[in-house]
Amino acid sequence: MDKPEYLKVPLASIGLRQQDISSAVEVLESGQLTMGNRVKGFESAMSSYLGSKEFVMMNSGSSANLAMIEALMRPVKSEPKLNIGDGVLVPAIAWPTTIWPIIQLGLKPVFVDVDENTLAIDLNCAEDALRVSPIPIKGIFPIHVLGRAINSTKLQTFAAQNKLQLINDVCESLGSWENGQHAGVYGNGGSFSFYFSHHITTMEGGGVATDSLEFADDLRSIRSHGWSRDRSDNVDWISKNPNLSEKFLFISTGFNIRPMEIQAAIGLNQIRDISSFVLRRRKLARTVNDAISGSEIELIGSDCLTGSKADENHSWMMLPIRVSKTCKTFTKGDLVEFLEALGVETRPVLTGNFLAQPAMTRINSAGYDPAVFNVANDVTQRTLLIGAHHDFSDQQMDHIANCLRYFLEIHQS
Ligand SMILES: Cc1ncc(COP(=O)(O)O)c(C=O)c1O
């Protein structure tokens with residue numbers, strides 16, 4: 001085949017349509033800019049899509065992670081579920097703001113290697129970590145990576161058997177279902193991100209899905225300075241505190257991590273179209289998989305592309321592409337250089353092995369050696385990501401596939 005001509009394929013596209021821009025302008029003209037009825041509307045749209053009893057919108061997925069941990073450590077009514085010094089199992093391939101709130105709020109991340117096929121926390125390694133840990137481990141905070149749902153039965157059983165508080169980071173996996181249950185919407189709850197590169201966009205934005213009204217109430221206080229206003233039990237707090245102003249009744253610790261109406265208005269439009277967005281992403285995954293199958297490079301997660309209902313386990317936030325261990329003719333670096341030169345942008349898998357990041361080495365009080373996380377290191381060395389955004393044109397999708405085909409042709413002949 002001829003060498004493909006250069007065509008830009010970024011990691012993500014802006015994701016806003018004319019209808020989203022019109023809704024945003026409507027909000028600006030309405031005079032109600034800070035959190036109000038549109039946020040409430042988006043929250044109920046999200047809980048009905050996810051099948052959760054509650055959804056609490058926030059200004060980002062990172063804030064959602066922070067708020068979940070704060071709510072477990074300082075609940076308003078019940079005993080804390082996590083206490084300062086407790087260990088929390090986390091994957092070695094992680095996003096920084098899955099880890100930072102654990103450290104910032106006085107817990108200890110206990111790093112565990114990942115599974116090479118799902119890229120998520122490996123529960124066998126987690127079991128080993130539980131056995132040898134010098135500190136009490138009381139929680140597990142897995143990431144559902146890049147659109148792939150972690151097996152919910154295995155995860156929930158593991159958490160229950162080991163008496164661990166389970167919270168899920170689902171920031172990369174909106175639209176991923178498993179036997180009728182959405183990824184990560186169980187345990188204490190799951191966090192979502194609507195940053196522009198994700199499955200839906202509110203520009204910046206996020207939130208927590210949970211089936212616990214108590215947890216949701218605490219998240220609503222924590223989101224907004226610690227006040228009682230947005231809670232389901234607000235009237236009880238007002239009647240218990242007759243000498244305090246009912247609008248300025250603070251009952252919890254908190255931050256200001258509220259979303260704005262403009263984000264919710266855009267989100268309301270976007271969530272209606274989530275299924276078509278995921279189908280488009282899946283189409284690209286199939287196109288790429290067809291181009292490379294049987295070669296020295298593989299699409300991680302292609303086992304989900306069965307053409308049956310099982311493929312709903314994956315909503316393809318991006319495409320993880322791995323160079324085979326036995327490949328003698330090229331390296332990941334060669335592939336990255338080739339794709340970038342033809343306009344196909346690439347990046348590492350999340351942060352790669354997070355223990356190897358400078359910020360982590362600086363505050364690595366537990367003395368982790370990044371070298372012992374074999375799979376995480378292997379992912380860093382052999383796997384790259386390319387975009388899978390639903391806005392990509394057919395031409396862009398074909399370009400990715402053609403670049404990969406051409407690369408394989410010149411390296412295998
Ligand atoms: C796994 C994971 N958690 C949390 C976040 C943070 O989300 P946000 O960018 O909305 O703060 C991201 C962002 O991409 C992520 O990939």
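Remember, it's 1-based here, ligands and their atoms both numbered in the order they're listed.
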For [X], counting its heavy atoms only, list the atoms of ligand 1 lying under 4.0 Å from any of them.
{"X": "I143", "result": "1 (C)"}
{"X": "H198", "result": "13 (C), 14 (O)"}
{"X": "S60", "result": "10 (O), 11 (O)"}

T253 versus E70, side-chain donor and acceptor atoms under 3.5 Å
yes
Between S63 and N59, a side-chain donor and acceptor under 3.5 Å:
yes
Give the residue and atom name of whichever protein heavy atom lies nearest to atom 3 (N) of ligand 1, and the separation in Å to one decimal.
D169 OD2, 2.7 Å
Starting from atom 12 (C) of ligand 1, find the nearest protein heavy-atom neighbour and note its residue, name and distance.
W95 CD1, 3.5 Å
Centre-to-centre under 6.0 Å for [X] and [Y], is that the case here?
{"X": "Y49", "Y": "W177", "value": "yes"}
{"X": "Y195", "Y": "W95", "value": "no"}
{"X": "H182", "Y": "F192", "value": "yes"}

Do the charged groups of R17 and D391 touch, with an N to O distance under 4.0 Å?
no
Can you tell which part of [X] has a heavy atom less than 4.0 Å from ligand 1: side chain, backbone, both or neither?
{"X": "E204", "result": "neither"}
{"X": "C171", "result": "side chain"}
{"X": "T98", "result": "side chain"}

[X], any N or O under 3.5 Å of ligand 1 N or O:
{"X": "S193", "value": "yes"}
{"X": "E172", "value": "yes"}
{"X": "S62", "value": "yes"}

For atom 8 (P) of ligand 1, the option (of G205, G61, P96) bearing the nearest heavy atom:
G61
Kindly say whether S252 contributes a backbone atom to a donor-acceptor pair with the side chain of S221 at under 3.5 angstrom?
no
Parallel, tilted or perpendicular, judged at 30° and 60°: which one describes the rings of F277 and H390?
parallel
